[in-house]
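Order of listing sets the numbers, starting from 1, for every ligand and every atom in it. When reading the values below, keep in mind they use all heavy atoms of this one structure, side chains included, and skip hydrogens, waters and symmetry mates.
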Amino acid sequence: MTAKNLEADLVVIGGGGAGLAAASAAAENGCKSVIVLEKAGSATGSTGMAHDVFGAESPVQKRLGIDASKDELFKAAMEWAHWTKINPRIVRAFIDKSGETIGWLENMGLSFEMIQYYPNQVPLVRHSVKGHGHALMKALRENCLKRGVQILTRTPGKKLLRDKDGKISGVIAESGEGEIAIAAKSVIITTGGYGNNKEMLKKYCSNYHDTMTYDGPPSNTGDGIIMATEIGAATAGMGACNIHGPFLKPRSDSHTMKMDAPGPDGSPIRITLWFLAWEPETLWVNKRGERFIDEGYNLAFFAFGNAVALQPDGITYTLFDTGILRTIEKQGLIRPGAASRANWLPVSAATPLPGLEREMKKQADKGDLIIADSWDGIAAWMGADAAVLKATIDEYNASCDDRHDSLFAKDRRYLLPMRTPPFYAVKAHLGLCDAYGGIKINEHMEALDANDNPIPGLYAAGSTAGCWETESYCYRLTGHLVGFALNSGRIAGEKAVRYLAKF
Ligand SMILES: Cc1cc2nc3c(=O)[nH]c(=O)nc-3n(C[C@H](O)[C@H](O)[C@H](O)COP(=O)(O)OP(=O)(O)OC[C@H]3O[C@@H](n4cnc5c(N)ncnc54)[C@H](O)[C@@H]3O)c2cc1C
């Protein structure tokens, strides 16, 4: 049943960062009638859960004397990708616009702090939004509404329509009252990724495990990719989950955690445990009891995620002894400091944690933390062969004694032997941030068909689009996921307006 018919020049499907940036840009460039369809109860998306935006040659960087050259960052992105799987023109278009977009956001009243993502990061590109994604999305919503953009929440886009010449002619959406047919000459798809669509994750992502916990909004189920492919759009870059960890399992919600207030599971100590599970001075093993990574690598967590995903069931165990625990009690955690001044972190680095040992004992035996007098006891809990775990511990302790990790070359500052019982094991798993790949686009954010021809009037931006990033988070371009959402959204909005001018 069709509840009503609407008409617009442009329909944007998905009211997250890319969607509202696209709608804003279209309205700013003279598009009189823009409708944003949003599936959830508010136009927020995963952008509302984020905190950092990539930018190169932004006004903030210029004021601080940070030399973040677009050319150099383009080269860094392409080197990271080895010039494979991604379209360099898209990367270039995104990076070139990114600095100006930060200024655009400042003009909406937002302010930024420049922070590092990994130790000694140069140049600083991570613009941390004051008030985080919440403030970012609020500013974008206000900008849209000020310019007459209509945002329809709880109204998912369902189907794209093309006319007899193959041009986009509208969208079918669904509201509480039934179907809505919206006639429109141009549509921008910005429905985010497919992180909450298990079927698609299983089908496309070689590194997917059922044990992963999805971090993003429930509404990101790949609808845009499904709708676009139904009318002949091609996909690109599908093939991997964007993951991070190892984290405590079950994971507390990182966005509501506070050190001075209980987390959702009622215990602030679990927040410390969450960070402890990826401290560099601990030892990480898989279910078999085998070590698999340099635990101190780069002090950043996306690469760890990739390594954990290669382990059986995507499950790992973080091990330490009472000696390491007491060192942490005295000196505090290391890893939170690597992310330097990240204003969202609920724990600080180098802050003594007296009473940690006592609190850990209270947390033991609840399914994800065990304390045992022997490594055999730990192995039994993990279901690992005790001889394999013993060999791993012996080899690791020998590396600590030698001050050289001959296996994975871990920084000797983090090589602490584990010989003081009782021993600890934390069960850890992966967080799933998003999934790579989506609708194939070109540098104008036009959606392409199987022959790389643009589908007239159809654009895609943000996480729903593919072939602009590789299958592993590019550290040098920290914040590039939100950065791409906003910049590709703006480009799509501007290009759609030019397309509409032809009619
Ligand atoms: C917890 C978390 C923290 C993150 N932190 C960062 C960070 O600090 N920096 C960074 O760069 N990246 C970060 N990311 C990744 C980043 O947030 C996303 O990649 C980016 O924001 C995607 O923007 P988007 O506009 O494409 O999608 P989203 O912002 O997710 O928007 C998609 C929107 O489409 C809507 N939608 C879905 N289907 C339909 C439909 N059928 N009809 C209508 N609407 C629909 C959704 O409800 C949603 O509102 C983080 C991700 C998570 C989950």
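For the pair H429 and H209, the minimum side-chain heavy-atom distance is 4.5 Å or more.
Between E38 and R141 no salt bridge is recorded (no basic side-chain N to carboxylate O distance below 4.0 Å). Salt bridge annotation for D223-K159: absent, with no cationic side-chain nitrogen under 4.0 angstrom from a carboxylate oxygen. A salt bridge links R92 with D96: the distance from a Lys NZ or Arg NE/NH1/NH2 to an Asp or Glu carboxylate oxygen falls below 4.0 Å.
Close N/O approach between T464 and ligand 1 is not found [any backbone or side-chain N/O within under 3.5 Å]. For a threshold of 3.5 Å applied to N or O pairs, the pair formed by G157 and ligand 1 contains at least one separation below that value. Residue G216 places no N or O, backbone or side chain, under 3.5 Å from any N or O of ligand 1. Distances between N or O atoms of T155 and those of ligand 1 include no value under 3.5 Å. Geometrically, ligand 1 and V482 share a nitrogen or oxygen pair separated by less than 3.5 Å. Where the criterion is an N or O separation shorter than 3.5 Å, residue side chain and backbone included, C433 fails it with respect to ligand 1.
Here T47 has heavy atoms under 4.0 Å from ligand 1 in both its backbone and its side chain. At a 4.0 Å heavy-atom cut-off, ligand 1 touches A485 through the side chain alone. At a heavy-atom cutoff of 4.0 Å, ligand 1 is contacted by the side chain of D434 but not by its backbone. Only the backbone of T190 comes within contact range of ligand 1, with a heavy atom under 4.0 Å; no side-chain atom does. With a 4.0 Å cut-off on non-hydrogen atoms, K158 does not touch ligand 1 at all.
Here the shortest heavy-atom pairing between N197 and T221 reads ND2-O, 3.0 Å.
Taking the centre of each ring, F484 and W468 come in below the 6.0 Å mark. Aromatic rings of H444 and Y459 (six-membered ring for Trp) have centroids beyond the 6.0 Å cut-off, not under it.
Near G45, meaning under 4.0 Å from one of its heavy atoms, ligand 1 places the atoms 28 (P), 29 (O), 30 (O), 31 (O), 48 (C), 49 (O). Contact atoms of ligand 1 toward M49: 1 (C), 3 (C) (distance under 4.0 Å to a heavy atom of the residue).
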